[in-house]
Amino acid sequence: MPDAPKTIESLEVEERVFAPPPEFAARATADADLVRRAAEDPLGYWADEAERLDWMKPWQTLLDDSNPPFYKWFVGGELNVSVNCLDRHLDQRGERVALYWEGEPGDRQAITYRDLHERVCRLANGLRSLGVKRGDRVAIYLGMVPELPAAMLACARIGAAHTVIFGGFSPDSLSDRIQDCSCRAVITADEGWRNGKTIALKENVDKALTSCPSVEAVVCVRRTGGEVGWVDGRDHWYHELVAGQPPECEPEAMDAEDLLYVLYTSGTTGKPKGIVHTTGGYLTAVAATHRHVFDIRDDDIFWCAADCGWVTGHSYIVYGPLANGCTGVLYEGAPGFPGPDRWWEIVERYGVTILYTAPTAIRTFMKWGKEHPRLHDLSTLRLLGSVGEPINPEAWIWYQETIGGGRCPIVDTWWQTETGCIMISPLPGVTATKPGSATHALPGVGADIVDELGESVPFGSGGYLVLTEPWPGMLRTLYGDDERFVETYWSRFPGLYLAGDGARRDEDGYYWLMGRIDDVMNVSGHRLSTIEIESALVDHEAVVEAAVVGRSDPTTGQAIAAFVTLQASIEGDDALIAELRQHVATRIGGIARPASIVLTDDLPKTRSGKIMRRLLRDISDDRQMGDVTTLANAEVVSEIAQMAAAARAAGTGE
Ligand code: 7RM
């Protein structure tokens, strides 16, 4: 393969610009003045944001940077996260709804701050009665039921760290994670609901626990009423445990740098990384970013439609919104159950004003068609958010027009499990947006794009996305593995945090995320971003979703292999494939023309909806497939593999 040039080439140009609507800008919580003050004094900005929280003991040192990359924030300060999310709201807004919960079968609860406080205190007392104490770890393996945020907050109240494990994970993934942080207890449910079917949560826990000696107690929520196995002495029904407990619970005063939670994120290789978040900095960061990015006002109904098993759920369903005393929505089930308009029914029922979701969901709704959102009154929406992957301009515009009625700004928020909070995003009352760009670093955040040597690249070029300054929401380490923490994020460019994403900045300094560095392709010595070619494919009216990878090619180093999902109503044939290849060549240039296109009903995705290009690379190169345990839809892989083999054999390349 030829030597890679220093930067990633960008060939795509998006020229549409959307200024913040004037009436939005006029009353936004974050204005140009805030941006200016934070730029002059980033640490002062974070100190001001931390002051909004209730501290039991004030901090002495805002940032201890004496031992990088092991930064400490708000040193000497003490606080309790559950007190900040609950108790401090009780006087002024105890009767306000904290969470509107909707179960998949249609059951509903409106849970006020007072209700949630009581539930959390009872459970916290219950956990203490089982011997769970400050400094322990607790695994939470639940569907999206109200007991999930309650369990997170109950752990925080008694100073036990939680590790939430997504309800779709297998017993093996579960036991790996429980063992890695030696949990003392597990909180689960009999079963979960998904697409009208049940998921055997308790059964999975029972299987996992055959190899988890640290676990002394299991607390089981009765959700579906399904049969479960039972280990006397170890297993406790949630409702029985909390029934006998007092509705008040003395919170632990936690050090700002005490562990709040560990959340596992699967790398492309090797065992999952336990991302460590601590107490004071994390809460400051999620509360501030939630407030400013989503322009939170008193009467908002905020729906982050992620799963709590993902960092987005931690930061923007639970900790950020509750710290801000906001009303949220929690939906248990699948977006298409019982019909493709379920989400829009929810928006209408609760009068959702802000919706935050992922491009994969938006593209799914595009595939299902405009007629479903049109059945409902979505006029309460005033702001839309996107997270998880680059949002291609086509999906951005669809979201803006079809869901936002053309009136809602879109915040495309770039961040990671590791960053804890949103890092690059528009501020909706300040930033003019460009479809597909996450725009600029937020107040208090330092970002840059560097070349192979760690030198900042000029506007108009691409390279490695790095963060240049510590920030309060940053991961502190990988659980039990300081060495891997330093190696993964801090060793490539000394003093800079390596995000692992490729990005470019346009002539106006806007950031365009171009996908994981590992996914970048090298075609005849040109480093090309998968995302741009995928966007060009999705731009064609027949296409709803596309994934592009580089497969080994004796002549060009790599050749572009594309995998495409068509609109439900369209039959694919060779003529259409030829047209799609030409479409990319016209949009971007001949160098980007895919060598092969495989049509498929579905693409392999992680549980949080990210396309797993690594598997498509394995398929394209006819290799044994790597780790598939984080795959949400394993069945599609073998189908795609057969078609890819046929496409390779047919040799559609020129
Ligand atoms: C919040 C979350 C992190 C990775 C990240 C990127 C990708 C996330 C965007 C994005 C382009 C975005 N945490 N990513 N948001 N890419 N634009 N707005 O997703 O740890 O699960 O994933 O996701 O590659 O590094 S995560």
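All ligand and atom numbering here is 1-based and tracks the order in the structure. No experiment lies behind these values; they were computed from the predicted model shown. Every heavy atom of this structure was used, including side-chain atoms; hydrogens, water molecules and symmetry mates were not. FYI, the numbering just counts along the sequence from 1.
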| said: If only side-chain N and O atoms count, and only distance matters, is there a donor-acceptor pair under 3.5 Å linking Glu257 with Thr278? | reply: yes
(Q) For a quick check under 3.5 Å, do Tyr316 and Thr289 share a side-chain donor-acceptor pair by atom type? (A) yes
- Item | Parallel, tilted or perpendicular, as decided by the 30° and 60° cut-offs, for the rings of Trp343 and Trp303 | tilted
Name the orientation class of the two ring planes belonging to Tyr489 and Phe485 (parallel below 30°, tilted from 30 to 60°, perpendicular beyond 60°).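 Plane angle between 30° and 60°, so tilted.
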List ligand 1 atoms under 4.0 Å from [X], heavy atoms only on the residue side.
X: Val387; value: 1 (C)
X: Thr417; value: 13 (N), 20 (O), 21 (O), 26 (S)
X: Arg516; value: 24 (O), 25 (O)
X: Thr312; value: 1 (C)

- Task: Take every heavy atom of Gly500, measure it against each atom of ligand 1, and state whether any distance is under 4.0 Å.
- Result: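 Gly500: no contact with ligand 1 (<4.0 Å).
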Requested in this report: Pick one of side chain, backbone, both or neither for how Ile424 approaches ligand 1, counting any non-hydrogen atom pair under 4.0 Å.
Outcome: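 Contact part for Ile424 vs ligand 1: neither.
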Would you mind checking if Arg382 and Asp300 are paired as a salt bridge, meaning a charged N to carboxylate O distance below 4.0 Å? yes
Exercise. Quick check, are the ring centers of Phe166 and Trp310 under 6.0 angstrom apart?
Worked result: no
To atom 23 (O) of ligand 1, the nearest of Gln416, Lys610, Met514, Glu389 on a heavy-atom basis is Lys610
